[in-house]
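Notes follow once the structure below has been shown.
All ligand and atom numbering here is 1-based and tracks the order in the structure. Side-chain atoms are counted along with the backbone in the values below, which use heavy atoms only and exclude waters and symmetry mates.
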Amino acid sequence: MLMNPALRPSPVVPTIDLAAPGVRHGHLRLPYSRDDSAWGSVMIPITVVAGGEGPTALVTGGNHGDEYEGPAALFDLAQRLTPEEVSGRVIIVPAMNYPAFAAGTRTSPIDRGNLNRSFPGRPDGTVTEKIADYFTRHLVPLADIVLDFHSGGRTLDFVPYAAAHELPDKAQEARCFAAVAAFGAPYSMRMREIDAVGMYDTTVEEMGKVFVTTELGGGGTASARTIAIARRGVANVLRHAGILAGQPEPAASRFLDMPSDDCFVFAEEAGLVAFVRDLGEEVSEGEVVALIHPIARTGLAPLAMRAKHGGILAARHFPGLVKPGDCLFVTATIEEAP
Ligand SMILES: [Zn+2]
């Protein structure tokens, strides 16, 4: 990606040296003047662990503030990892959009910014755009491999998967899928996006990096099972990159594909959603996956929502009530690994 040379410097200042060997815990400090703190700052926690020669991994969570497997695995990693274990460098940011994470919301309470729709960002933009710009111009260029944790947040739930995208550079795509396989989630996904504009994923991929993302659960919480998947996955990716010693722990993973936009089904009525299939179950094309009951009166038939594309139920709306336009469910097909 070509950087605009006319862009002003980022206002973000790291409180630690990102290059020196050893382990350092600090912050990315972003000035944010406001009523309760005239010369205040947003303080985004960051840890850098650097050992001997080797590549750099950038591992992140909290890109969306209501997704918890990544932050749980990365706050844990940041307080455990030692320079003696590391060949190269690990940059850990457990909560990229820290204001959103601290509020427990997908978007920032400061500016309603959705960080994963704000890339590549702006140094003179909103707080969320300034965070995006700092990653684009300062952190991602340091990295050889980038792992960004997501889950479904408050409104979606997923079967646990690590994922990469189809890319124009097939050699880069193969490196990304090799890292997805190393992660070792129960499912590995060739992921299709509803709208890839403004995503961190797209920015990192366009910079030629090896990029792995995840969807590990959801519902605005994390389970012991999905946190264990996240912890094992980040260690496996660091082993795969040669930053930690040893081989990734072998794990059985089913490969999934989303070959068509028909994999996404959106609600067309408001109401109470009654799923008749659960996550991970197989559904065939045309099969009823959920019923939407009108709630204002009794005696009305529910709207049957059918799979437009057969496969397994890979994601579903989490809360019990839906609105028109909500993503109701996602199907994905089981494939041979690439
Ligand atoms: Zn997310």
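The neighbour count for D36 CG, taken as heavy atoms of other residues, nucleotides or ligands under 6.0 Å away, is above 12.
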Without placing hydrogens or testing angles, list every side-chain donor-acceptor pair under 3.5 Å for residues 286-293, not counting sequence neighbours.
| unit_1 | atom_1 | unit_2 | atom_2 | d |
| --- | --- | --- | --- | --- |
| E287 | OE1 | S284 | N | 2.9 |
| E287 | OE1 | S284 | OG | 3.0 |
| E287 | OE2 | R277 | NE | 2.9 |
| E287 | OE2 | R277 | NH2 | 2.8 |

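Taking backbone and side chain together, E215 holds no N, O or S atom under 2.8 Å from the Zn ion (ligand 1).
Our summary of the site lists the angle at the Zn ion (ligand 1) between ND1 of H150 and OE1 of E67 as 90°, to the nearest 10 degrees.
Geometric assessment of R190 against the ring of F255 yields a negative cation-pi assignment under the 6.0 Å and 45° thresholds.
No side-chain heavy atom of I92 sits under 4.5 Å from any side-chain heavy atom of F75.
Closest N/O/S atom of H64 to the Zn ion (ligand 1): ND1.
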